[in-house]
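Read through the structure below, which is laid out as structure tokens, and then see the notes.
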4 protein chains.
Amino acid sequence: MFILNPHSSVPIYQQLVDQVRRLVAGGQLVPGAELPSVREMAHEHTVHPMTISKAYSLLESEGILERHRGKPMRVAALRRNQSGVAARLKQIEPQLEALALSARQLELSSDDIVAQLRKKLGEKP
Amino acid sequence: MFILNPHSSVPIYQQLVDQVRRLVAGGQLVPGAELPSVREMAHEHTVHPMTISKAYSLLESEGILERHRGKPMRVAALRRNQSGVAARLKQIEPQLEALALSARQLELSSDDIVAQLRKKLGEKP
Amino acid sequence: MFILNPHSSVPIYQQLVDQVRRLVAGGQLVPGAELPSVREMAHEHTVHPMTISKAYSLLESEGILERHRGKPMRVAALRRNQSGVAARLKQIEPQLEALALSARQLELSSDDIVAQLRKKLGEKP
Amino acid sequence: MFILNPHSSVPIYQQLVDQVRRLVAGGQLVPGAELPSVREMAHEHTVHPMTISKAYSLLESEGILERHRGKPMRVAALRRNQSGVAARLKQIEPQLEALALSARQLELSSDDIVAQLRKKLGEKP
DNA sequence: GTGGTCTAGACCACA
DNA sequence: GTGGTCTAGACCACA
């Protein structure tokens, strides 16, 4: 369910945080759903447990996950308006802005960029 | 001409590398053009000369800039097919893929994403 | 294992890059082998850590070393045909050409040069 | 007669010094022979006159060239035993030692190295 | 004038 | 523990 790439320049804990956040916002992870334990997850991805732990803690402090003694982490109840299209678009705004900047500096036309983006959106990961 | 943000999480030297790379690919910096000297650039952005120097060295090792002893760095001759639309699209492919992944996980429709992207592309930076 | 001479006109970081490159090509450093940490190496040779770091970074960008967050640098897997005799001879080709040029200009006979070279090759460093 | 490569990592003045030294030792430049003027040489190789001047001055201080007011630089009379085989071999000793070190670290056999060197010695430049 | 190297030393991110 | 970034500042080589 989770894809962690140790060779990426994005820190592993960050990759995990980003994915959980988006899966929750996207509805693939619903409130109450349980996440793999730190140990399980660490073992499966051969990653240091502290790395998973850090990601979970961040998600907890964001109110996205909930910790209950003795139980696995769970997806928290959604706050109001957290899952509307606007809220989700807001989440990728920084990515969109960075992309737009790159496109301008590369003097790529909007149509070329959009065509390429649609291609990527159509592909399965 | 260059925008360096010391508060960004992207290292300063990396910001400069990215911008020069894109300005060259985009044609705003043509082969033979001289870049500001290390000291000039450092002074203008109140940044340590070594930070600029590191960026220039990386760009030299990529073959984008050329060093000529005693002279400022210059934009190198382009390698064949380096500046076609395809090559430039290739440069932002990682960004496009990351965006597509985010969009899928957020269950955002292609049309919503594209509409938002076009808005950003239309804005002046 | 490494010999760094601070009085040489060859920059310290360059000496290290050259040696690692050759030890890897020669097989004394095998893929997966860990290098001394930046701090260790710096302390042992009483050199600034950044100097070692610079060498390691260059070797990483050449694909000779691999960085794994939180761990010491490691020798990367060899690219195909990277370690054959031909590939290794290729590495000293510039040195051979410079030597041949000198010999010609000094009007030294091939036999004199070769005899002298064999003597040096026989000596322990 | 002289080959100056501005892209080499060896400084231009040094390239010139090395070549003159070897051409004199090799007998291609005999005592009394005149060298091109600083201006001429600088113009021919599109190099800064100061660069040529620096090389000539170094050669003069070594006693290889002589300056006579109003005349071009001339090759000085040879000092005793300056042109014997042993003296000339001495001049390339540092190069031979560097080569031997590289060969050892690359674990190249003496025979492979020598074969390759003979090939280079046989080629015209 | 140009860029390069190096040290001292602070501070950070990651595992 | 690991490596990375950055500054302050000295000193050098080259043109």
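Residue numbers start from 1 in every chain, and the chains themselves are labelled A, B, ... in the order their sequence lines are given, proteins ahead of strands. Heavy-atom basis, side chains included; hydrogens, waters and symmetry copies ignored.
- Nucleotides of DNA chain E nearest to Y13(A) and M73(B) differ in position, and the one nearer the 5' end is that of M73(B).
- Here T51(D) contributes atom OG1 and L16(D) contributes atom CG; the two are 9.5 Å apart, rounded to the nearest 0.5 Å.
- Taking OH of Y56(A) as the reference point, atom CG of L65(A) lies at 7.5 Å (rounded to 0.5 Å).
- Take the nearest nucleotide of DNA chain F for P11(B) and for E40(C): the residue whose nucleotide is more 5' is E40(C).
- Taking OG from S9(D) and CD from Q15(D), the interatomic distance works out to 8.5 Å, rounded to the nearest 0.5 Å.
- Between the CZ atom of R67(B) and the P atom of dA13(F) there is a distance of 15 Å, given to the nearest Å.
- Salt bridge status for R74(A) with E34(A): absent, with no side-chain N to carboxylate O gap under 4.0 Å.
- Summarising the geometry, the separation between CD1 on I12(D) and P on dG3(E) is reported as 16 Å, rounded to the nearest angstrom.
- Distance H7(C) NE2 to dC12(F) P: 13 Å, rounded to the nearest Å.
- Put simply, CZ on R74(C) is 15 Å from C1' on dG3(F), counting in whole angstrom units.
- Judged by atom type and distance alone, R39(C) reaches the base of dG3(F) through a side-chain donor-acceptor pair under 3.5 Å.
- With salt bridges taken as basic N to acidic carboxylate O contacts below 4.0 Å, one links R21(C) and E62(C).
- Remark on the helix from dG1(E)-dC14(F) to dC14(E)-dG1(F): inter-end axis angle 30°, axes from five-pair C1' superpositions, rounded to 10°.
- Taking a 4.0 Å limit (strictly below) on heavy-atom distances, residues 45-61 of chain B reaches DNA chain F at V47(B), H48(B), T51(B), K54(B).
- Taking atom CE of M41(C) as the reference point, atom P of dG3(F) lies 10 Å away to the nearest angstrom.
- Between the CG atom of L35(B) and the P atom of dG3(E) there is a distance of 9 Å, given to the nearest Å.
- The interatomic distance linking Q15(C) (CD) with dG4(E) (C1') rounds to 15 Å, in whole Å.
- With rounding to the nearest 0.5 angstrom, the CG atom of L29(D) is 9.5 Å from the CD atom of Q105(C).
- Not one side-chain nitrogen or oxygen of R69(B) sits closer than 4.0 Å to the OP1 or OP2 atom of dG1(E).
- As rounded to whole Å, 13 Å separates atom P of dG1(F) from atom NE2 of H43(C).
- The 5' end of DNA chain F is approached more closely, in terms of each residue's nearest nucleotide, by G70(C) than by the other of G70(C) and V10(B).
- A donor-acceptor pair shorter than 3.5 Å cannot be found between the side chains of Q91(B) and S102(A).
- When atom types are taken as modelled, the side chain of H45(C) and the backbone of F2(C) share a donor-acceptor pair closer than 3.5 angstrom.
- With rounding to the nearest 0.5 angstrom, the CE atom of M41(B) is 11.5 Å from the OG atom of S53(B).
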